[in-house]
*Asks:* 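Pasting in a structure now, in structure tokens, and then I'll have a few things to ask.
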Amino acid sequence: MSLEVADRVARITFTRPESMNSLTARMFDDLEAAIDAAEADPEVRVLVIGGTGRAFSVGLDLTLLDEAFGDPAVWERVAKRLAALTLRLESLPMPVIAAVNGLARAGGFELLLACDLVLIADSARIADAHAEFGVIPAGGSTARLPRIVGRQRAREIFLTGRWIPAAEAVELGIALKSVPADELDAAVAELAGRLARQSRACMAAMKRQFAAVEALPLAEAVVPEIEEFVSYTTPPDSDGQEGFRAYRENRPPSWA
């Protein structure tokens with residue numbers, strides 16, 4: 001992961017293209033440290049998060065998933081860490097732009113939902129995808145997505161786990177704008193540059209207003225989601241465990 005700061009814009013880039021920028025425990029640490037650095041720099045007025053290669057991020061790394069499915073305590077710790085990072089992005093005193101260059105799935109999908117603005121390459125696709133593996137979300141997305149797309153659309157996206165093309169992501173309001181892949185960096189730079197000319201204090205106050213008017217604070221909404229996730233996923237005979245085993249063994253799952 002890299003952090004670059006220029007012209008009042010901080011850019012965090014996931015740099016594990018060989019693993020589709022899947023999230024490891026180290027990446028959680030690095031992401032938190034990069035966010036800390038951006039927030040602590042009084043000159044930074046915009047934060048951009050993007051990926052390299054074919055993906056924005058496809059969620060948790062298999063090594064971390066192996067550990068989590070083998071130990072309920074690890075699952076709870078990972079779920080709380082992801083939820084805390086998404087809440088942190090939302091509470092930053094600056095706009096956060098997700099530059100979605102490719103696939104964004106599961107935890108990667110949950111990270112982009114926590115960003116203020118999403119620009120997406122026209123070749124990119126996004127998905128919750130948890131249901132495909134018999135698992136459920138744990139990063140706050142069941143609270144966020146219905147507020148963006150509405151109750152029925154959110155449930156269809158979660159329950160089917162289907163991939164959403166870039167144009168539909170814009171239509172649903174998940175993304176602000178879709179551009180050709182080779183124009184994504186320029187489009188992000190243009191938007192970030194415009195925001196970088198604004199008052200950081202003003203934008204921070206506006207973000208506090210946005211958060212205050214939500215029906216239920218997300219910090220409260222994610223608590224029952226995590227509790228249900230841990231209860232559902234960690235029993236050895238759960239469909240969550242079976243879905244993961246089937247995925248690792250490259251076979252169809254056999255649901256209970």
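All residue numbers refer to positions in the sequence shown, counting from 1.
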*Asks:* Check the angle between the aromatic planes of Phe69 and Phe244 and answer parallel, tilted or perpendicular using the 30° and 60° thresholds.
*Replies:*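 Rings of Phe69 and Phe244: parallel, under 30°.
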*Asks:* Only one of Leu23, Ile12, Leu89 clears side chain to side chain contact (heavy atoms under 4.5 Å, CB included) with Leu31; which?
*Replies:*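 Going through Leu23, Ile12, Leu89 one by one, the side chain to side chain contact (heavy atoms under 4.5 Å, CB included) with Leu31 is satisfied by Ile12 alone.
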*Asks:* Under 6.0 Å from the CZ atom of Arg153, do we count more than 12 heavy atoms belonging to anything else shown?
*Replies:*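 It does not: Arg153 CZ has 12 such atoms or fewer within range.
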*Asks:* Step through the shown structure and confirm whether more than 12 heavy atoms of other residues, nucleotides or ligands are within 6.0 Å of CZ on Arg251.
*Replies:*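 Result for CZ/Arg251: enclosed.
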*Asks:* Evaluate whether atom CD of Glu18 has more than 12 neighbouring non-hydrogen atoms of other residues, nucleotides or ligands under 6.0 angstrom away.
*Replies:*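 Atom CD in Glu18 is crowded, with more than 12 foreign heavy atoms closer than 6.0 Å.
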*Asks:* Over all heavy atoms of both residues, which pair between Trp75 and Ala68 is shortest? Give the atoms and the distance, please.
*Replies:*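 What the structure gives for the nearest pair is CD1-O, 3.1 Å.
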*Asks:* Any carboxylate oxygen within less than 4.0 angstrom of a Lys/Arg side-chain nitrogen, looking at Glu132 and Arg105?
*Replies:*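 A salt bridge is absent here (no side-chain N lies under 4.0 Å from a carboxylate O).
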*Asks:* In Å, rounded to the nearest 0.5 Å, how long is the span from CG of Asp30 to CG of Leu3?
*Replies:*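 If we round to the nearest 0.5 Å, Asp30:CG and Leu3:CG are 10.5 Å apart.
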*Asks:* Taking Val9's backbone N and O only, do any of them form a donor-acceptor pair with Asp7's side chain (distance below 3.5 Å, no angle check)?
*Replies:*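 No.
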*Asks:* Indicate yes or no for a side-chain donor-acceptor contact from Asn101 to the backbone of Ile120 under 3.5 Å, with no hydrogens or angles considered.
*Replies:*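 Judged by distance alone, no pair lies under 3.5 Å.
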*Asks:* For a quick test of reading the model, state the closest non-hydrogen atom pair linking Arg45 to Gln198 and the distance between them.
*Replies:*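 Scanning both residues, the minimum pair turns out to be NH1-O, 2.9 Å.
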*Asks:* Does a sphere of radius 6.0 Å around CD in Glu190 hold more than 12 heavy atoms from other residues, nucleotides or ligands, not counting ones at 6.0 Å or beyond?
*Replies:*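 No, CD of Glu190 has 12 or fewer neighbouring heavy atoms, counting only those of other groups under 6.0 Å.
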*Asks:* For the side chain of Ser238 and the backbone of Thr233, is there at least one donor-acceptor N/O pair under 3.5 Å apart?
*Replies:*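 Yes, Ser238 side chain to Thr233 backbone: donor-acceptor pair under 3.5 Å.
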*Asks:* Is the backbone of Ser91 close enough, under 3.5 Å, to the side chain of Lys207 for a donor and an acceptor to pair up by distance?
*Replies:*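 Judged by distance alone, no pair lies under 3.5 Å.
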*Asks:* Is there a path from Met203 to Val118 through hydrophobic residues (I, L, V, M, F, W, Y) whose side chains come within less than 4.5 Å of each other?
*Replies:*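 Met203 does not cluster with Val118.
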*Asks:* Which residue pairs pass the salt bridge (Lys or Arg N to Asp or Glu O under 4.0 Å) test when at least one of the two sits in residues 76-100, sequence neighbours left out?
*Replies:*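 Output for this query lists Asp29-Arg81, Glu32-Arg81, Asp36-Arg88, Glu39-Arg88, Glu76-Lys80, Glu90-Arg144.
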*Asks:* Is a donor on one side and an acceptor on the other found under 3.5 Å between the side chain of Thr52 and the backbone of Phe14?
*Replies:*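 Flag set: sc Thr52 to bb Phe14 pair under 3.5 Å.
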*Asks:* What closest approach, in Å, do Asp239 and Trp255 show between heavy atoms, and which atom pair accounts for it?
*Replies:*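 Between these two residues, the closest heavy atoms are O-CZ3, 3.3 Å.
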*Asks:* Measure across Ala99 and Val48 and return the closest heavy-atom pair with its distance rounded to 0.1 Å.
*Replies:*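 That closest heavy-atom pairing would be CB-CG1, 4.2 Å.
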*Asks:* Return yes if some donor-acceptor pair links the side-chain N/O of Arg200 with the main-chain N/O of Val44 below 3.5 Å, else return no.
*Replies:*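 Between the backbone of Val44 and the side chain of Arg200 there is a qualifying donor-acceptor contact (under 3.5 Å).
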*Asks:* Is the backbone N or O of Pro253 less than 3.5 Å from a side-chain atom of Glu242, with the two atoms forming a donor-acceptor pair by type?
*Replies:*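 No, because the side chain of Glu242 does not come within donor-acceptor range (under 3.5 Å) of the backbone of Pro253.
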